[in-house]
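Here's the structure we're looking at; comments come further down.
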Amino acid sequence: MYILGLATMGTSAACLFRDGTLIAAVEEERLSRIKNDGAFPSRAIAECLRIAGIGIGDVHEIAVYWQPWRLRRRVLGTLGKGLGGADAMRGVASRVNAFFLRRAPDAARPEDGGSWRHLFRLRAMIAREIGPTRARIRFHDHHASHQRYAEAMIDPGELISLSYDGGGESASTVVTVVGEGGRKRVSTHDWPNSLGHFYSTFTGYLGFRMLEGEYKMMGLAPYGTPRWKEALLEHVLKLEPGGRYRLDTRLCDYHAALQGRFPARLAELFCAPRAPDETPSTDHIDLAASVQAAQEAALDHILAPLRDSHPQIRRLVVSGGCALNVTANGKLIESGRFDRVAIPPAPHDAGCAIGAAMLSLPTGVDTVSLRSPYLGAGFTAAEIKEALAPHLLRLPEPLSDEDLVEQVAALLEEGRIVAWFQGRAEFGPRALGARSFLADPRRDEIREDINAKIKKRELFRPFAPSVTEEAAADFFEIDQPSPYMNIVSKVRPARRSEIPAVTHTDGTARVHAVPRAANPLYHALLSEFGRRSGVPVLLNTSFNIQEPIVYDPGQALATFRASGVDALAIGPYLVTRDMLA
């Protein structure tokens with residue numbers, strides 16, 4: 001039995017289950033090459049079917065991550081926001097137009113790429129884009145889709161499941177207790193009271209692209225002092241008794257912010273907004289630190305009542321777009337309230353494709369397939385050779401895995417930067433050792449080299465480390481798994497001088513601890529580099545240049561050519577720049 005899962009309007013994606021096994025999951029952006037593409041995921045659907053070797057006619061059920069007829073909360077919230085003044089009404093009208101009437105002109109904005117009307121005519125959309133289908137179509141609750149996927153990352157037993165993001169059909173934050181007695185929602189915060197909208201609005205206020213640049217504000221925050229945290233909690237994001245919060249949408253108007261409009265009162269309370277091309281001032285940096293601190297305070301406040309009502313539950317699962325706030329995730333672990341905090345590889349809307357399909361499954365799931373982030377296409381040596389041959393002066397000899405690992409480790413030890421394209425593509429926003437740029441973390445200067453040659457990004461943004469799972473606790477203050485690069489941890493003080501290129505200004509790092517079973521080849525490379533250097537850690541950043549992460553061999557070669565990277569390890573081939581035609 002094949003079940004196709006879909007997410008659209010946010011970060012669009014598709015996945016495919018055969019019985020209880022997840023056999024493919026792909027984000028639309030990887031194929032359209034539009035970052036955070038929110039359009040109808042026709043390419044992703046076709047790719048999942050291609051990976052499985054089936055047609056749309058073989059699919060028994062299509063599961064969707066949203067129930068589009070549930071409009072009451074959105075309508076009431078939108079009308080309430082519209083009463084806030086002319087600016088608010090203009091912002092609301094723009095979003096209504098984008099969601100319901102047409103596709104917005106800026107397709108690069110994730111929420112603007114799709115339309116709710118697609119969900120009302122889904123069968124016709126699939127017939128037009130893919131082919132006719134008689135599959136049953138089921139629509140599932142947005143936050144339930146987030147939660148079900150995330151909860152599969154941890155073994156059965158009692159847990160607290162938190163989903164928080166910009167907003168679902170009606171809720172923006174949902175807390176559920178899961179145990180032997182079933183599931184019980186213990187807390188629901190209705191839209192437009194949204195921690196996602198709070199964080200995104202200030203992302204725009206600080207001159208970064210909303211719904212894309214939140215990680216930039218998060219990277220900037222450790223450089224500042226959170227001197228406006230209390231003012232934010234007093235005027236903008238108000239914490240109320242019982243773990244409740246309320247967002248003042250007159251000051252934090254998400255839809256107006258998408259249009260670049262902000263209330264003058266924000267400048268009176270904090271500082272003037274930052275222009276996108278302006279160097280961040282001390283005030284801007286301190287505001288970023290304050291927003292991050294307020295977000296973390298709200299998160300702790302939401303979960304606080306569970307300490308009294310369910311003190312015995314020591315496991316937390318986090319999902320939704322806000323779960324990409326890796327710093328906040330690290331603070332949850334650091335608090336000591338939970339023994340284990342689990343976040344899936346795709347906690348944002350793309351992961352809802354998997355969660356929705358799980359809600360449609362009549363039986364259990366294969367957790368091994370579900371917990372793997374390597375769900376896109378893989379390519380044979382013959383396919384890679386065919387893609388490379390027309391573009392190289394000479395094709396290198398294919399290498400065994402052992403020889404490839406030894407030669408790449410030697411290059412990295414010499415200070416070279418290597419593009420690493422191996423196995424099936426990752427699902428989710430992180431490069432997890434399948435589509436990565438790699439470098440020696442012992443060399444502090446290599447960060448500037450990478451930015452100059454490849455990423456061309458702000459110098460305040462940190463690079464992440466990959467480390468063998470066995471060595472993770474030796475280098476980082478973390479005593480739980482972190483296989484998806486979703487958790488910030490302190491670097492052990494004695495180790496900071498050994499890996500300066502992946503240690504942020506506050507002494508932390510976004511840890512990717514690699515289990516041998518999850519990615520044997522990448523684990524072998526980390527181990528070999530560790531044997532040579534004494535440090536089984538590599539700087540790992542995504543294989544892309546101002547674009548979505550590369551997906552296929554052609555994209556890999558094109559990006560390698562456009563970069564200043566020294567070598568490309570693609571399948572069994574190690575390509576150096578002198579081989580390029």
Side-chain angles (χ1 to χ4, degrees), residues 7-13 27-29 35-38 41 65-66 74 95 99 108-114 141-151 153 161-175 188-204 208-219 237 245 247 252 254-255 257-258 291-292 295-296 298-299 302 316-329 332 341-356 427-430 484-488 510 548:
T8 185
M9 296 192 305
T11 306
S12 294
E27 291 172 83
E28 185 73 5
E29 68 159 25
K35 200 166 185 180
N36 297 319
D37 195 351
Y65 83 133
W66 198 286
R74 286 274 177 167
R95 303 309 294 162
F99 270 120
R109 279 195 185 277
E111 280 199 353
D112 288 350
D141 178 83
H142 175 73
H143 284 287
S145 299
H146 271 309
Q147 290 180 309
R148 194 55 60 91
Y149 173 43
E151 291 159 17
M153 299 298 114
S161 184
L162 165 69
S163 174
Y164 70 132
D165 57 11
E169 297 91 339
S170 60
S172 60
T173 300
V174 172
V175 182
T188 301
H189 296 75
D190 286 334
W191 187 90
N193 294 302
S194 164
L195 292 178
H197 283 186
F198 166 71
Y199 206 85
S200 285
T201 297
F202 280 96
T203 295
F208 303 117
R209 187 177 180 84
M210 293 171 64
L211 306 171
E212 183 179 313
E214 283 76 7
Y215 57 92
K216 296 183 181 182
M217 184 170 71
M218 184 171 53
L237 181 61
Y245 70 85
L247 187 65
C252 192
Y254 169 80
H255 294 118
L258 283 170
V291 171
Q292 179 67 33
Q295 182 90 348
E296 292 166 6
L299 182 58
I302 291 164
L316 173 69
V317 173
V318 188
S319 59
C322 292
L324 292 173
N325 193 315
V326 295
T327 302
N329 295 341
L332 286 170
V341 177
I343 305 105
H348 59 324
D349 277 5
C352 284
I354 296 176
F427 180 68
R430 313 296 186 201
Y484 308 126
M485 205 186 283
N486 279 333
I487 297 170
V488 158
R510 177 161 42 99

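Each residue takes its place number in the sequence, starting with 1.
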In this structure, CZ of Arg510 is separated from OG1 of Thr327 (nearest 0.5 Å) by 9.0 Å
Quiz question: by atom type and distance under 3.5 Å, do the side chains of Gln292 and Asn325 form a donor-acceptor pair? yes
Closest non-hydrogen atoms of Gly213 and Phe208, given as atom of the first, atom of the second and distance, are O-CB, 4.0 Å
Could you tell me if the side chain of Met217 sits less than 4.5 Å from the side chain of Tyr199, heavy atoms only? yes
Within the distance-only criterion (no hydrogens, no angle test), does the side chain of Ser163 pair as donor or acceptor with the backbone N or O of Val174 below 3.5 angstrom? no
Validation row: Tyr484, Pro429 side chains within 4.5 angstrom (heavy atoms): no
Will you find, in the side chains of Glu151 and Ser161, an N or O donor that is under 3.5 Å from an N or O acceptor? yes
Less than 3.5 Å apart, any donor N or O on the side chain of Thr173 or His189 sitting next to an acceptor on the other? no
Can Thr201 and Cys252 be said to form a side-chain contact (heavy atoms from CB on, under 4.5 Å), step by step? CA-CA 6 Å; Thr201 297; Cys252 192; 3.6 Å; yes
For Asn193, is there any backbone N or O sitting under 3.5 Å from a side-chain donor or acceptor partner on Tyr245? yes
Have His348 and Glu27 got a donor and an acceptor in their side chains that come within less than 3.5 Å? yes
Side chains of Ser200 and Glu214: is there a donor and an acceptor less than 3.5 Å apart? yes
Can you tell me if Gln295 uses its side chain to pair, donor with acceptor, with the backbone of Ala328 under 3.5 Å? no
Shortest non-hydrogen contact between Tyr164 and Ala323, atoms and distance: CE2-N, 4.1 Å
Do Leu316 and Leu332 make a side-chain contact, defined as non-hydrogen atoms from C-beta onward lying under 4.5 Å apart? yes
OG1 (Thr11) and CD (Glu28) are apart, to the nearest 0.5 Å, by 11.5 Å
The test is side-chain contact (heavy atoms from CB on, under 4.5 Å); show your working for Asp349 and His146 and say whether it passes. CA-CA 7 Å; Asp349 277 5; His146 271 309; 3.3 Å; yes
Using the six-membered ring wherever Trp is involved, compare the ring planes of His197 and Tyr254 and label them parallel, tilted or perpendicular (cut-offs 30° and 60°). parallel
Heavy-atom side-chain proximity of Asp141 to Trp66 below 4.5 angstrom: no
Got a donor-acceptor contact below 3.5 angstrom from the Ser12 side chain to the Gly38 backbone? yes
Nearest 0.5 Å please: distance from the CG atom of Leu324 over to the CG atom of Asn329. 8.5 Å
Taking it one step at a time, do Leu162 and Gln147 satisfy side-chain contact (heavy atoms from CB on, under 4.5 Å)? CA-CA 7 Å; Leu162 165 69; Gln147 290 180 309; over 6 Å; no
Nearest 0.5 angstrom please: Leu237 CG to Phe198 CZ, how far? 5.0 Å
Starting at CE of Met153, measure out to CG of Asn486 and round the result to the nearest 0.5 Å. 10.5 Å
Check: Gly166 main-chain N/O paired with Ser194 side-chain donor or acceptor under 3.5 Å: yes
Which atoms form the tightest heavy-atom contact between Ala171 and Thr188, and what is the distance? CB-CG2, 3.6 Å
Could you grab the distance from atom CG of Leu258 to atom CE of Met210, nearest 0.5 Å is fine? 4.0 Å
Going by heavy atoms in the side chains, are Ile343 and Ile487 under 4.5 Å from each other? yes
Considering all heavy atoms, the nearest Ala7-Pro41 contact: O-CG, 3.8 Å
Shortest non-hydrogen contact from Ala150 toward Val317: CB-CG1, 3.3 Å
What closest approach, in Å, do Tyr149 and Pro344 show between heavy atoms, and which atom pair accounts for it? CE2-CB, 3.7 Å
May I ask you to test the Val175-Ile302 pair for a side-chain heavy-atom distance under 4.5 Å? yes
